[in-house]
Amino acid sequence: MTVRTRYAPSPTGDPHIGNIRAALFSWAYARANGGQFLLRIEDTDRARLQETSLEAIMDSLHWLGIDWDEGPVVGGPHEPYFQSQRLPLYQHAAGRLIDEGNAYRCFCTPERLDQMRKAQQASKQPPGYDGRCRDIPREESDRRAANEPFTVRFKMKHDGTTVLHDLIRGDVTFDNALQDDFVALKSDGYPTYHLAVVVDDTEMQISHAIRGDEWISSAPKHIQLYDALGYEPPVWAHLPLILGPDHKKLSKRSGDTAVLDYATNGYLPEAMVNFLAFLGWSLDDHTSLVTIDDLKQHFDLARVVPNPAVFDVERLNFLNGYYIRAMDEERWHATITQWSGQQMDAALVAAVAPILRERVARLDEIGPMTAFLFGDDAPGYQAELLAEKLGGDAAIAQTVLDTAMAAFSEIASEDWNQASIEAAIRGLEPVLGLKLRKFVSVLYVAIEGSPQGLPLFDSVAIIGRSRTLHRLAAALQKLA
RNA sequence: GGCGCGUUCGUCUAGAGGCCCAGGACGCCGCCCUUUCAAGGCGGAGAUCGCGGGUUCGAAUCCCGCACGCGCUACCA
């Protein structure tokens with residue numbers, strides 16, 4: 001059997017972490033098994049549809065490095081890949097269901113259903129459709145259908161059990177007595193998710209349906225639908241939920257969950273892929289660093305665990321730093337140029353690149369960290385900061401600045417380089433009677449506007465003699 | 001409330017009866033390196049494997065019960 005998996009998001013917003021992880025796993029499973037991966041847009045909810053979603057979905061996949069063999073843009077033998085363009089298929093299936101006695105038209109109004117639910121809640125009855133329209137005779141149903149809005153409800157079996165064979169969880173048994181007749185076709189003629197997935201997964205020959213655990217409760221609906229339609233169900237795999245720091249299902253409320261937000265916040269796709277991969281899956285007993293190629297080669301649903309995983313941003317940050325350090329030089333240079341927010345010539349980029357690299361965990365730190373390279377003045381800072389590491393002793397800070405000023409002044413412009421600068425600063429030790437590590441912070445603040453930043457000797461060499469002297473003078477001024 | 005799923009260091013995970021008084025990674029702590037901050041190197045603390053019963057010579061691993069957590073419970077997906 002050829003493995004065919006799909007990612008079938010609904011365009012109701014930007015793809016989120018949990019959702020995209022299902023895409024990653026589905027894609028990886030197809031690739032690892034020499035199968036196909038398709039993208040299908042489940043745009044059956046007209047009320048929640050968002051125009052910008054399609055682009056966001058495709059951008060998210062592209063960003064991570066996920067490609068699809070069939071779907072929007074690339075097309076394929078099962079076109080169209082938008083459910084809103086496949087309405088006849090669902091309507092035909094619904095018609096068949098009615099004709100064969102497996103579904104019926106329901107004329108209940110939303111108001112009545114609402115009332116029913118409230119009453120059930122009040123009397124502590126399990127909520128669910130009460131079946132009022134289940135036994136309306138066909139003739140009456142046909143007649144009323146001509147001028148009354150209706151939905152098509154699927155007749156769930158009310159006795160026995162329905163068993164889901166799940167690749168990750170094993171067999172899960174549901175009591176049919178607790179199932180209610182769900183809406184398969186809405187009154188606007190669009191299918192609900194339940195009908196649409198079953199029809200499309202079948203038509204598109206999906207072999208493995210991989211989705212989030214939040215779907216497991218509705219699996220019996222799908223299983224019975226497959227059965228009623230006479231279709232062969234796919235292999236199901238329900239992925240564990242991804243939890244927020246509050247240990248609840250990750251959602252907008254628990255913070256940034258839109259995948260693309262991570263891109264704009266300075267995360268690398270490699271880091272995100274590696275991070276996502278380990279939310280439920282592992283390669284072996286010791287590997288914690290994997291690339292998308294590893295996934296492509298070794299991903300296996302058999303190694304996905306059933307228990308939910310908490311999204312730990314610390315771990316993502318580590319991975320991001322790791323992949324930044326692992327970047328090849330050319331890309332790193334381009335990245336610096338892109339994220340500095342400043343005009344940078346190649347020589348400047350090359351000068352900062354090596355010392356910046358191991359200090360950046362997120363790309364958006366590049367801007368603040370390199371800000372001092374631009375303009376005559378150091379980034380704004382409070383005068384107190386100069387003496388902060390000296391126990392607040394401004395007098396010492398002043399002496400440090402004075403002596404540094406004198407030492408730097410003696411270096412001729414043509415001799416202004418890292419070695420001479422280092423020698424000058426180290427030469428301050430005996431003059432001041434202080435250890436270098438004790439007084440450098442004053443210089444860091446004067447030059448970079450912060451007691452911590454890129455290495456001082458390099459920094460001073462890069463910004464040049466005149467700006468250095470200017471900034472020392474400015475620092476002295478602040479202390480006066 | 002009902003149904004379902006889940007439960008190994010703070011977090012992600014390894015573990016499919018003896019290799020485990022539980023391994024790796026992030027984080028944390030300490031030391032080294034060091035011009036700050038990082039990065040890197042070395043070391044450390046950290047899980048009585050949710051609890052209670054079984055089965056077995058032997059259980060994190062099998063069975064049962066309980067507890068807790070989470071998910072679902074729409075003409076949303």
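Chain letters run A, B, ... following the sequence lines, proteins first and then strands; every chain starts at 1.
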Is it the case that B:A39 (base atoms only) and A:R357 (side chain only) share a donor and an acceptor within less than 3.5 Å, ignoring hydrogens and angles? no
A:D175 versus A:T161, side-chain donor and acceptor atoms under 3.5 Å: no
Distance-only donor-acceptor test, A:R359 side-chain atoms vs B:U36 base atoms, 3.5 Å: yes
Does A:T151 make a side-chain donor-acceptor contact with the base of B:C75, cut-off 3.5 Å? no
At 4.0 Å (heavy atoms only), tell me whether A:D166 reaches a base, stays on the sugar-phosphate, or touches nothing. nothing
Could you check whether A:S218 gets within reach of a base, just the sugar-phosphate, or nothing at all, counting any heavy atom under 4.0 Å? nothing
Nearest to the A:R117 side chain among B:A74, B:C70, B:A77, which nucleotide is it? B:A74
Using a 4.0 Å heavy-atom cut-off, does A:P127 contact any base of the nucleic acid, only the sugar-phosphate backbone, or nothing at all? base
Looking for any heavy atom pair under 4.0 Å, which part of the strands does A:H247 touch: base, sugar-phosphate only, or nothing? sugar-phosphate
If we count only N and O atoms by modelled type, under 3.5 Å, do the side chains of A:T399 and A:D402 hold a donor and an acceptor together? no
Just to be sure I understand the rule, does A:P455 reach a base, reach only the sugar-phosphate, or reach nothing, if contact means heavy atoms closer than 4.0 Å? base
For A:L456, report the nucleic acid contact type (base, sugar-phosphate, nothing); a contact means any heavy atom under 4.0 Å. base
Just to be sure I understand the rule, does A:C108 reach a base, reach only the sugar-phosphate, or reach nothing, if contact means heavy atoms closer than 4.0 Å? base
When both distances are under 3.5 Å in a Watson-Crick or G-U wobble arrangement, the nucleotide paired with B:U7 is B:A67
Could you say whether the aromatic ring of A:Y444 and the base of B:U36 stack, counting only centre distances under 5.5 Å and plane angles under 30°? yes
Describe the nucleic acid contact of A:D180 in one word from base, sugar-phosphate, nothing, applying a heavy-atom distance below 4.0 Å. nothing
What about A:R48: does its side chain form a donor-acceptor pair under 3.5 Å with the base of B:C76? yes
Give one of base, sugar-phosphate or nothing for A:L279, where a contact means two heavy atoms less than 4.0 Å apart. sugar-phosphate
Ion pair A:R112/A:D130, N-O distance below 4.0 Å: yes
Which residue, A:Y226, A:F182, A:Y104, forms the ring-ring contact (aromatic ring centres under 6.0 Å, His included) with A:F154? A:F182
Base, sugar-phosphate, or nothing for A:F278, non-hydrogen atoms under 4.0 angstrom? sugar-phosphate
